[in-house]
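Just below is one structure, and these are the notes that go with it.
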Amino acid sequence: MLHIVNKSPYERNSLESCLRLASKGSAVLLIEDGVYGATKGGSFEGKVLAAMADVKVYALAPDLSARGMADRVLDGVSVVDYGGFVDLVAEHTNCQSWL
Amino acid sequence: MLHIVNKSPYERNSLESCLRLASKGSAVLLIEDGVYGATKGGSFEGKVLAAMADVKVYALAPDLSARGMADRVLDGVSVVDYGGFVDLVAEHTNCQSWL
Amino acid sequence: MKIGVLVNEGPYTHEASDSAYNFVKAAIEKGHEIYRVFFYHDGVNNSTRLTEPPRDDRNIVTRWSELAKAHNLDMVVCIAAAQRRGIMDENEAKRQGKDANNIAEGFRISGLGQLVEAGIQCDRLVTFGD
Amino acid sequence: MKIGVLVNEGPYTHEASDSAYNFVKAAIEKGHEIYRVFFYHDGVNNSTRLTEPPRDDRNIVTRWSELAKAHNLDMVVCIAAAQRRGIMDENEAKRQGKDANNIAEGFRISGLGQLVEAGIQCDRLVTFGD
Amino acid sequence: MSDEMDMEEGGVIKKFMFVNRKAPYGTIYALEGLEVVLISAAFEQDVSMAFIDDGVYELKKGQDTKELGQKNFSPTYRALEGYDIEKLYVERESMEARGLTEDDLLVDVIVMDRAELAAKLDEQDVLISF
Amino acid sequence: MSDEMDMEEGGVIKKFMFVNRKAPYGTIYALEGLEVVLISAAFEQDVSMAFIDDGVYELKKGQDTKELGQKNFSPTYRALEGYDIEKLYVERESMEARGLTEDDLLVDVIVMDRAELAAKLDEQDVLISF
């Protein structure tokens with residue numbers, strides 16, 4: 001399953017809820033303001049690193065660049081473009097947007 | 001100063017930020033989904049109770065009733081109607097909405 | 001007391017417009033002067049006369065129009081925000097070469113300066129948003 | 001693969017419409033079929049032809065219209081959500097007694113069933129919102 | 001998800017789940033979400049609803065919107081049974097974090113812990129989130 | 001706040017603070033907020049901006065929106081000085097929680113801890129929040 005999160009983990013509870021309810025082996029794609037969850041040095045970093053033992057985390061490149069965060073992506077996060085986003089949707093049997 | 005918070009503390013960080021930045025003696029008015037912050041039994045209760053040592057907390061009655069929460073307001077929270085909301089605005093020299 | 005109100009979200013989707021309306025009504029009942037209601041961001045969407053909500057629901061747009069008429073409210077829609085979102089009055093539609101306009105009665109389109117001016121003139125400015 | 005897309009927020013205010021547009025373009029480039037783009041909640045506000053964004057900014061509405069034309073996209077606006085928010089086509093305007101309509105080229109107004117049907121017919125349904 | 005479809009009477013039956021994460025009245029998502037759920041009943045799909053985070057507040061007993069001036073749509077949750085929509089899953093952790101128990105809810109639900117609900121999410125064909 | 005006004009050249013000078021709490025691009029609030037700030041400069045008021053929570057992300061160096069297709073408005077923060085808007089307050093706690101330092105910001109700011117900033121909020125006449 002592909003989980004899509006588009007909000008900053010510092011503003012909303014959506015990434016936290018997503019990680020709580022994502023089964024082992026799921027993929028989590030961070031887009032829009034969600035990409036802040038994929039970056040280094042913040043207080044949410046530990047939760048994402050811990051979650052990466054069970055889920056694969058992706059972040060959308062155009063959203064990282066727009067926010068000036070492309071150079072501080074957490075190790076282990078895969079950066080994808082919109083084409084990669086489409087591939088993730090196609091590769092997983094279903095997807096849930098954590099709005 | 002009057003602080004106005006309209007979001008659930010379980011969904012967003014606005015009440016938490018408001019309480020962090022409200023000076024001693026300020027008033028905090030909870031409206032819309034913000035009224036959940038004025039209710040008993042949830043995991044945010046402790047933070048609001050602790051804050052009430054320094055700030056006065058109000059909650060809007062029509063928003064509490066709409067959500068079925070009128071009968072579980074925290075002790076020490078003052079419940080006001082829209083007229084009371086207007087009075088709070090008038091009584092304080094300035095106000096900030098934590099959008 | 002002279003009070004200004006800023007509405008930042010559109011009708012129905014967020015409670016902001018309801019809260020602002022109820023606040024304005026209560027302030028008038030308490031004898032305060034509502035100096036201006038300024039609609040910014042998606043708040044400009046409160047000013048379209050093309051809404052047709054379900055019959056058992058409130059009509060947010062006409063409710064504002066009627067309140068404005070009854071109490072001579074100055075309801076200002078930000079022109080830049082309105083252009084982004086497709087709110088036009090007759091003049092703007094002509095100027096932009098649009099074949100239709102959609103603004104409701106009681107609203108006027110003007111610049112952001114009207115918001116700052118309200119902040120200067122009013123004793124209080126209260127914001128409703130997301 | 002057959003993909004359906006749901007857009008829940010209006011233009012400019014939230015990034016949802018941008019993300020959906022970029023996703024749809026990429027999916028088409030990858031050879032997928034976009035079965036339908038369904039606009040719900042404030043998403044219906046993407047379909048008004050009365051927007052006039054600043055010249056140095058993208059035009060979200062016409063961008064959707066052009067993409068639809070180039071790739072024969074089915075872009076459906078939910079009728080109930082549209083009525084609440086003031087989006088009308090010629091038929092709806094007539095039916096509701098409105099003196100104007102504002103729908104842009106390439107969008108059609110229809111029922112919520114079109115969303116459920118897209119969920120049934122598509123291999124994937126992707127939602128963009130707030 | 002096409003691999004997992006069942007066929008019946010020549011039609012496709014998919015597992016649809018509507019995921020509710022927003023409180024009522026503050027935004028329209030809960031109400032307009034219900035409208036989709038009701039429509040989906042006409043398509044004879046395998047429909048369920050999940051209530052997570054502030055979505056559990058949608059089911060709180062005793063909602064009274066008279067003073068607020070919005071329509072109280074909470075009785076609709078009780079009507080879902082008549083549409084054969086009976087699988088209402090509530091996440092235990094979300095309920096408990098808000099100090100709510102099953103007795104506080106206006107309709108019978110299936111309470112699940114996060115692991116059970118995560119498994120339910122995984123087995124869906126279509127997830128629509130509000 | 002009328003008690004605390006200064007008068008100069010016959011006009012009122014009020015303390016206006018624009019409070020920024022939202023990240024850029026995900027929503028339009030930061031951009032449209034800046035538009036108000038720029039307009040306010042024409043009114044010769046005592047204008048300041050506060051950056052709290054995700055608002056500090058607005059000031060992050062190195063924003064590049066080419067791939068996203070939105071306009072990069074971050075250079076505008078550097079232009080504020082030319083409008084005599086020089087009081088940009090950043091909350092230290094918000095910056096640190098996000099792993100940012102002053103070196104990450106594209107413009108000179110005044111970093112304040114929560115208590116200092118709380119005192120600044122208190123002394124304003126008009127607070128407008130995005």
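In what follows, chains are A, B, ... by sequence order, proteins preceding strands, each numbered from 1.
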Please flag which part of [X] lies under 4.5 Å from any non-hydrogen atom of chain A: side chain, backbone, both or neither.
X      : value
E:A119 : backbone
E:R114 : both
E:L121 : both

Looking at [Y] and [X], is any side-chain nitrogen of the basic one under 4.0 Å from a carboxylate oxygen of the acidic one?
X     : Y      : value
E:K22 : E:D53  : no
A:D33 : A:R12  : no
E:K15 : E:E123 : yes

Salt bridge (Lys or Arg N to Asp or Glu O under 4.0 Å) partners of A:D54, counting only residues at least two apart: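 With sequence neighbours excluded, A:D54 shows a salt bridge (Lys or Arg N to Asp or Glu O under 4.0 Å) to A:K24, given in chain and number order.
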